[in-house]
Number of protein chains: 2
Amino acid sequence: MGATKSDQFTKGQNDLASLAKALGHPARIAIIEYLLKVDSCICGDIVGVLPLAQPTVSQHLKELKNAGLIKGNIEGTAICYCIDEEGFEKIKSFFDHITVSLSKKKFDCC
Amino acid sequence: MGATKSDQFTKGQNDLASLAKALGHPARIAIIEYLLKVDSCICGDIVGVLPLAQPTVSQHLKELKNAGLIKGNIEGTAICYCIDEEGFEKIKSFFDHITVSLSKKKFDCC
DNA sequence: TTATTTTATCGTAATATTGCAATATATAAA
DNA sequence: TTTATATATTGCAATATTACGATAAAATAA
């Protein structure tokens with residue numbers, strides 16, 4: 001035991017959980033916030049911004065990329081990372097759906 | 001090492017990460033979807049809906065509750081769980097902020 | 001009172017995540 | 001070519017998560 005029973009849930013549930021999981025670490029939230037703050041998506045200085053060692057940052061970037069939340073291109077000796085709007089669209093539509101449901105129903109019995 | 005360096009990040013970053021992390025499991029996504037689907041927030045049959053054992057479901061419910069995404073009241077021999085709108089508001093405002101940022105800037109260089 | 005029912009907690013095994021030193025890879029500059 | 005610079009990968013230790021059987025707790029029903 002111990003492994004998530006992914007095959008027992010729908011693809012939609014697993015996809016959403018993967019996106020949320022990728023955002024479930026303060027370092028990765030910080031990376032996204034930094035990408036939103038800087039004007040360009042060239043961010044060769046991302047390692048210097050975070051309180052973590054270079055391999056650790058590289059790993060977090062990889063996870064965000066795998067989840068479809070950021071995109072990266074080789075740019076000479078540096079890597080150009082930027083927001084992947086597609087991934088964020090998926091999460092946003094989930095929360096928009098929740099907002100609509102909440103406005104229709106009354107969940108104030110608790 | 002292996003423990004998350006939470007103290008190196010801001011409270012806002014940690015709070016957001018905690019909320020996202022709580023949604024980072026398909027079973028917890030399934031629980032939220034179920035709560036949105038049923039008309040009432042009385043959900044004594046939540047264990048029967050999920051492909052997991054009762055203690056595991058109880059644990060997932062506890063995590064959602066700790067994260068502030070659901071609320072629970074003792075209701076006789078059953079527990080009444082329902083959506084906690086406050087938690088979802090926090091996440092939604094984060095994604096709304098991202099959407100605004102994305103519409104202002106061009107992240108299409110990658 | 002003694003069942004019965006429902007949810008929570010404990011204990012533990014299996015697996016996953018986090019973090020970093022060491023090292024590899026790749027491009028640019030000298 | 002050699003050197004410098006930047007990012008990726010490997011390997012491993014520390015910690016966290018996931019899942020469930022066993023058991024406890026709490027309220028209702030008989």
Side-chain angles (χ1 to χ4, degrees), chain A residues 1-9 13-14 17-31 34-35 40-67 69-82 110, chain B residues 1-9 13-14 17-31 34-35 41-67 70-82 110:
Chain A
M1 295 129 216
T4 297
K5 289 183 154 187
S6 311
D7 55 321
Q8 302 279 348
F9 299 94
Q13 287 165 344
N14 278 300
S18 292
L19 286 167
K21 194 175 190 176
L23 290 173
H25 191 289
R28 296 195 286 269
I29 294 286
I31 289 171
Y34 181 75
L35 282 173
S40 152
C41 65
I42 296 163
C43 47
D45 53 348
I46 189 75
V47 171
V49 174
L50 295 173
L52 297 169
Q54 180 268 322
T56 310
V57 174
S58 184
Q59 193 174 296
H60 283 304
L61 287 168
K62 190 178 175 184
E63 279 177 65
L64 285 171
K65 194 175 176 184
N66 287 341
L69 290 168
I70 64 175
K71 291 184 284 189
N73 269 355
I74 295 172
E75 183 113 338
T77 178
I79 291 281
C80 162
Y81 276 117
C82 66
C110 289
Chain B
M1 296 129 219
T4 297
K5 290 183 152 185
S6 311
D7 54 321
Q8 301 279 348
F9 299 95
Q13 287 164 344
N14 278 300
S18 291
L19 285 167
K21 194 175 189 174
L23 290 173
H25 192 290
R28 296 195 287 268
I29 293 286
I31 290 171
Y34 181 74
L35 282 174
C41 66
I42 297 162
C43 46
D45 52 349
I46 189 75
V47 172
V49 174
L50 295 173
L52 297 169
Q54 181 268 324
T56 309
V57 174
S58 184
Q59 194 173 295
H60 283 305
L61 287 168
K62 190 179 176 185
E63 280 178 64
L64 285 170
K65 194 175 178 184
N66 286 341
I70 65 175
K71 291 184 285 188
N73 269 355
I74 294 171
E75 184 113 341
T77 179
I79 291 281
C80 163
Y81 276 118
C82 65
C110 290

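So that the names make sense, note that chain A is the first sequence line, chain B the second, and so on, each numbered from 1.
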Give a yes/no on whether any side-chain N or O of [X] is located under 4.0 angstrom from OP1 or OP2 of [N].
| X | N | answer |
| --- | --- | --- |
| A/S58 | D/dT7 | no |
| B/H60 | D/dA19 | yes |
| A/Y81 | D/dA8 | yes |
| B/T56 | D/dC20 | yes |
| A/K21 | D/dT17 | no |
| A/K5 | D/dC20 | yes |
| B/K62 | C/dT9 | yes |

Q) Does A/Q54 make a side-chain donor-acceptor contact with the base of D/dA8, cut-off 3.5 Å? A) yes

Q | 5' priority, DNA chain D, between B/H25 and A/L61 [closest heavy atom] | A |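 Its nucleotide being nearer the 5' end, the pick is A/L61.
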
Q) Which one, C/dT18, D/dA19, D/dA22, comes nearest to the side chain of B/Q59? A)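 Nearest to the side-chain atoms of B/Q59, counting from C-beta on, is D/dA19.
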
(Q) Given A/T56, which partner from the list A/Q59, A/Q54, A/H60 fulfils the side chain to side chain contact (heavy atoms under 4.5 Å, CB included) test? (A)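 That would be A/H60; it is the only one of A/Q59, A/Q54, A/H60 passing the side chain to side chain contact (heavy atoms under 4.5 Å, CB included) with A/T56.
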
Q | Residue whose nearest DNA chain C nucleotide is more 5′ - A/A3 or B/T4 | A | A/A3

Q) Of B/P55 and A/R28, whose nearest nucleotide on DNA chain C comes first from the 5' end? A)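 Its nucleotide being nearer the 5' end, the pick is B/P55.
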
Q) What is the distance from atom CD1 of B/I70 to atom CD of B/E63, rounded to the nearest 0.5 Å? A) 10.5 Å

(Q) For a quick check of understanding: with a heavy-atom distance under 4.0 Å over all strands, which category does B/Q8 fall into, base, sugar-phosphate or nothing? (A)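 Result for B/Q8 = nothing.
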
